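To start, the structure itself, in structure tokens.
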Amino acid sequence: MDVHCHVNCAPLIDDAPLVISRAAKAGVTRMLVVGTDVSTSAIAVALAERYADMGVYAAVGIHPHDAKTVPFGIPSELFVLAANPRVVSIGEAGLDYFYLHSPRDAQKSVFKAQLEWAVKVQKPLTLHIRSGNKSSDAMDDAMEMLGSYSCLPPLLFHCYAGGTEYLNDVLSLPAYISIGGPVTWPKSDALREVAKLIPADRLLCETDAPWLTPAPYRGKVNEPAYVRLVYESIAKLRETSAPALANAVAANAARLFRW
Ligand SMILES: [Zn+2]
């Protein structure tokens, strides 16, 4: 199971049928293809419809990088896409102060709009929160924003980067925490610590393919079939077996996405 990938984006989209069948052969029974703007969201939905029998589902939304491209709020095309039964999450939404491809204010307002939209359509919200170089600024702002709502949708912190510092605060929310390929990288001791501490019923695993390729394939294009390496790495840390971990994650994802 891969709860976050972008088979809808280059270069994976060029080989989507092969990428999806390699994932199936590797035992990936469900994958969530995540939109980052209107066009990638539309492609995610098209893939989810075409490969429904292979467990492909879609998330639709606006990535914080693209917040500045939607100055008038959520484009109406996304509301139409979200009504498709193959769409099981809104997002990826959130804040990225590392790259700052969109100004902070634009990111915050598009994040808020998607949060309220997810509540309205009763779908979980996939979150991308990445702080700037020196501080925990994006995580602070996200937690403050989430804390100001009395009614939150179920949340998925994709590629969680808040460290142990934010773990208890995140777990106090209706949130699942997803870990990807960086957990296999040599310098990721802090993330490995987090991967050990997440309660078994709140943990998810992902690739974020085509990015964040796990070891030993770093440098190559990532794809959902490699999620196996994430499971193996986390299972070792948690002193369990990869199949047992995969079963627990599958149950968590089924609860979250109702798929
Ligand atoms: Zn992503």
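Only a predicted model underlies this, so the values are computations on that prediction, with no experimental measurement involved. In each ligand, atom 1 is the first atom listed, and ligand 1 is the first ligand listed. Positions are given from 1 along the sequence.
- Because its NZ or CZ atom is not both nearer than 6.0 Å to the ring centre of Phe111 and within 45° of the ring axis, Lys108 does not count as a cation-pi partner of that residue.
- Looking at Glu92 and the Zn ion (ligand 1) together, the shortest N, O or S contact belongs to OE2.
- Vertex the Zn ion (ligand 1); arms to His6 atom NE2 and His4 atom NE2; angle 100° (nearest 10°).
- Smallest separation of non-hydrogen atoms from Leu156 and Ser178: CD2-CB, 3.8 Å.
- A donor and an acceptor atom, one from each side chain of Asp37 and Thr40, are located under 3.5 Å apart.
- Shortest distance from the Zn ion (ligand 1) to Asp208 is reached at OD1 (N/O/S atoms only).
- Taking the six-membered ring for Trp, Phe157 and Tyr176 have ring centres at least 6.0 Å apart.
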